[in-house]
Peer 1: 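I have a structure here, written as structure tokens, and I will follow up with some questions on it.
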Amino acid sequence: MARIKEVRDERNPGEELTVNGWVRTRRDSKQGFAFIELNDGSCLGNLQIVVDQETKGFAESTKEITTGAALTITGTLKESPGKGQRVELHASELKVLGTADPETFPLQKKRHSFEYLREIAHLRPRSNTFSAIARVRNAASAAIHNFFQERHFLYVHTPIITTSDCEGAGQMFRVTTLDLARLAGIQTEIDYSQDFFGKAASLTVSGQLEAEIYATSTGPCYTFGPTFRAENSNTTRHLAEFWMVEPEIPFFDLNDNMQLAQDFIKHVISHVLETCAEDMEFFNQRIEKTVLETLQHIVDHDFERVSYTDAIEILTSSKKEWEFPVEWGHDLQSEHERFLTEEHFKKPIILFDYPRTIKPFYMRCNDDGKTVRAMDVLVPRIGEIIGGSQREERLDVLEARMKECDLDPEEYWWYLDLRRYGTVPHAGFGLGFERLIQLLTGMQNIRDCIPFPRTPKNAEF
RNA sequence: UCCCCUGUAGCUCAGCUGGUAGAGCAAGCGGCUGUUAACCGCUGGGUCGUAGGUUCGAGUCCUACCGGGGGAGCCA
């Protein structure tokens, strides 16, 4: 048995082989033969199968060879006289493994809207676009591990269920075994001591705090796993369940962190461009005609590093009309970020040293008393793809910051212990994996960049 | 959560200022062809998102709800 990618790329005319796959389309000749385009998901291209009356099993199953049907075919590979393919398989034997009634099969041999395909998420990976996304997603995952493994980072599995109630990164999904229907009737304060973990538990919004534990024990490390945010976000770049990559490195400052983030993104892009050439060509032609150019440009240039304060200066001195005013101390709006990365610098930028009032407690305070060592990587079209910082390693400063943010240091006793015993400067960041896939593929909507998207009011499949 | 747009055949859409529905593609059948987003002809297919309302009459106007999309906020 051979996979179609292998047949198309490596096998030679004359070889006898068997392939399995699904029919994409079929072109008939009444003279008794037909062309079947077979795809098995191993690559974008189909294998052209030539069947005729000599093909065992063809005559009796002609009606069943429709778009979507699963076939197994044995035959001889031949050089193709037609245009569009190097080789084609002349079938000696054909068997229909599974039929697909053309009257009801939802995928037709025509273009479908992404919205429609989202409603049939169980079948959409059988389409060109979604199988290509799946392969790019796979290649990007491999590139992420390569990048860190080559640098001897430890892959750490941080917990999915957490009881540290306020990690600070937004609304959390509650995890419970309590009988909610019954509790709703009683209407008293919920007693979490009766719950599975003996206290309130939630799905993680970040593995950062736990990653810091390993960074300050076993050295540079990274997490790569699912993350959950219960925010009621309805945009093309937010998911309730998404995958995040979070490296954490001891003896690192913000500059080291910015360099790592840049090297990391460039590495993943380069790897995908190399290993998914056919899929990337498809995205460039059919999805977004500037992806290849954009990605190459990112690989070839350094990211622009701009302090928050300088960014404010650039924005106020540009003669743009802003819907939201630009003012030091306020977070930048989408329109501001887009202007900086898409119009002003026209490449990825790293904004750093944000006002402390708009950033979380764990970011290291600068000596100016106003800013923290935060960084955001913004890329054209997507916006923020990475958020990170140098962490506050000074116990007294960290405690003071927690109180400033209305957090109870007691709750974070173990996090503070890392500063109490052998504290070191360290830094890290979080990369939204699906946003990276958006950047790589040119897909507009993040819901098409994950196999089974979870968004408000949607968790089908 | 807020703002805007949208919901008509399997899919993508048209249907102007209200008079009970149409195209392309898909599908079925037939023809043609070493074809390749194949091509040509014929045929079938819709209680116009749901519930109310205005009107002699509503796909078309109004209200509510539900679904989808885009933008904003939250962030990755």
Side-chain angles (χ1 to χ4, degrees), chain A residues 24-38 45-52 63 66-68 78-85 88 90 100-120 127-128 167-171 205-208 226-246 261 285-286 323-324 330-335 337-338 358-360 376-379 382-388 429-439 444-450 455-458 460:
Chain A
R24 279 299 171 72
T25 180
R26 162 184 156 190
R27 293 177 293 273
D28 275 348
S29 163
K30 283 298 167 204
Q31 309 294 359
F33 65 101
F35 299 95
I36 299 169
E37 294 279 344
L38 202 70
N46 304 320
L47 180 64
Q48 176 160 286
I49 315 286
V50 183
V51 290
D52 57 27
K63 294 259 183 195
T66 56
T67 300
K78 293 194 176 166
E79 219 172 287
S80 179
K83 283 179 183 163
Q85 60 277 319
E88 61 190 23
H90 287 246
D101 182 356
E103 294 284 352
T104 58
F105 185 58
L107 282 173
Q108 304 169 348
K109 53 177 204 179
K110 62 174 289 242
R111 286 195 76 148
H112 291 291
S113 68
F114 296 132
E115 291 80 11
Y116 172 68
L117 289 168
R118 228 171 273 150
E119 290 169 10
I120 50 166
S127 68
N128 286 337
E167 285 182 33
Q171 286 295 110
V205 291
S206 164
Q208 181 201 318
T227 308
F228 308 86
R229 303 273 167 94
E231 240 96 56
N232 191 11
S233 297
N234 294 288
T235 77
T236 52
R237 47 187 196 289
H238 287 88
L239 291 164
E241 176 182 292
F242 64 100
W243 286 62
M244 187 152 67
V245 182
E246 295 178 286
Q285 275 173 22
R286 296 296 185 87
E323 188 185 343
F324 298 93
H330 288 79
D331 216 347
L332 297 181
Q333 304 289 323
S334 271
E335 56 170 343
E337 296 183 348
R338 295 189 68 124
I358 58 171
K359 289 293 180 183
D376 280 359
V377 178
L378 311 179
V379 295
I382 315 293
E384 183 176 353
I385 196 166
I386 280 180
F429 60 79
L431 168 120
F433 186 56
E434 284 74 20
R435 289 190 182 173
L436 179 64
I437 301 301
Q438 281 187 283
L439 178 68
Q444 295 243 322
N445 197 315
I446 201 165
R447 290 162 217 176
D448 299 323
C449 293
I450 189 168
T455 51
K457 299 282 187 298
N458 183 3
E460 194 69 48

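Here the structure is a predicted model, which is why all the values come from computation and not from measurement. Proteins come first, then strands; the chains are lettered A, B, ... in the order of their sequence lines, and each starts at number 1. Note: hydrogens, waters and symmetry copies are ignored here, and every other heavy atom, side chains too, is used.
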Peer 1: Looking only at N and O atoms, is any donor in the side chain of A/N234 or the base of B/U1 less than 3.5 Å from an acceptor on the other one?
Peer 2: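 A donor-acceptor contact between them is present.
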Peer 1: Quick check on B/G71: is either OP1 or OP2 less than 4.0 Å from any side-chain nitrogen or oxygen of A/T236?
Peer 2: yes
Peer 1: Considering only the P atoms, how many Å lie between B/G45 and B/U6, rounded to the nearest integer?
Peer 2: 31 Å
Peer 1: How far does the P atom of B/A76 sit from the matching atom of B/C3, given to the nearest Å?
Peer 2: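 These two P atoms come out 27 Å apart once rounded.
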Peer 1: Assess whether atom CD of A/Q444 is packed by more than 12 heavy atoms of other residues, nucleotides or ligands within 6.0 Å.
Peer 2: no
Peer 1: Does A/S113 make a side-chain N or O approach to OP1 or OP2 of B/U12 shorter than 4.0 Å?
Peer 2: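 So the side-chain polar atoms of A/S113 do come within 4.0 Å of the phosphate oxygens OP1 or OP2 of B/U12, strictly under.
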Peer 1: OP1 or OP2 of B/G69 versus the side-chain N and O atoms of A/R447: is any pair under 4.0 Å?
Peer 2: yes
Peer 1: Would you say A/S334 reaches B/A72's phosphate, i.e. side-chain N/O to OP1/OP2 under 4.0 Å?
Peer 2: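 For B/A72, OP1/OP2 do have a side-chain N/O of A/S334 under 4.0 Å.
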Peer 1: Tell me whether the side-chain N/O atoms of A/R118 come closer than 4.0 Å to OP1 or OP2 in B/G69.
Peer 2: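 Checking A/R118 against B/G69: at least one side-chain N or O falls below 4.0 Å of OP1 or OP2.
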Peer 1: Could you check how far CD1 of A/I446 sits from P of B/G69, rounded to whole Å?
Peer 2: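 From A/I446 CD1 to B/G69 P: 14 Å.
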Peer 1: Please determine, for the side chain of A/K109, which listed nucleotide (B/A26, B/A76, B/G73) has the closest atom?
Peer 2: B/A26
Peer 1: Given the structure, check if the side chain of A/Q108 and the base of B/U12 hold any donor-acceptor pair shorter than 3.5 Å.
Peer 2: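 Checked by distance alone, the answer is no.
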Peer 1: Considering non-hydrogen atoms only, spot the tightest contact between A/D52 and A/F33 and give its length.
Peer 2: CB-CB, 3.5 Å
Peer 1: How close or far is atom C1' of B/C75 from atom CZ of A/F242, stated in whole angstroms?
Peer 2: 8 Å
Peer 1: Distance check needed: B/G70 C1' versus A/Q438 CD, whole Å only.
Peer 2: 14 Å
Peer 1: Just checking A/E103: base, sugar-phosphate only, or nothing, at a heavy-atom cut-off of under 4.0 Å?
Peer 2: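 Sugar-phosphate, no base atom in range.
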Peer 1: Please check if the number of heavy atoms outside A/R338 that lie under 6.0 Å from its CZ is greater than 12.
Peer 2: no
Peer 1: Tell me whether the side-chain N or O atoms of A/R27 pair up with the base of B/C39 as donor and acceptor below 3.5 Å, since no angle test is needed here.
Peer 2: no
Peer 1: Taking B/C25 as the reference, what is the distance to B/C40 when you measure between their C1' atoms (whole Å, please)?
Peer 2: 16 Å
Peer 1: What is the base-pairing partner of B/G7, counting Watson-Crick and G-U wobble geometry with both distances under 3.5 Å?
Peer 2: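 Check on B/G7: paired to B/C66, both distances under 3.5 Å.
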Peer 1: Does A/R237 have a side-chain nitrogen or oxygen under 4.0 Å from the phosphate oxygens OP1 or OP2 of B/A72?
Peer 2: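 So the side-chain polar atoms of A/R237 do come within 4.0 Å of the phosphate oxygens OP1 or OP2 of B/A72, strictly under.
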Peer 1: Taking only the side-chain nitrogens and oxygens of A/Q333, find out if one of them lies under 4.0 Å from OP1 or OP2 of B/G73.
Peer 2: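 Checking B/G73 against A/Q333, a side-chain N or O does come within under 4.0 Å of OP1 or OP2.
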Peer 1: Atom CG of A/D28 and atom C1' of B/A27: how far apart are they, to the nearest Å?
Peer 2: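 Those two atoms, CG and C1', are 14 Å apart.
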Peer 1: Between B/U8 and B/G15, how many Å separate the two C1' atoms, rounded to a whole number?
Peer 2: 9 Å
Peer 1: Could one point to a donor on the side chain of A/S233 or the base of B/C75 with an acceptor on the other under 3.5 Å away?
Peer 2: no
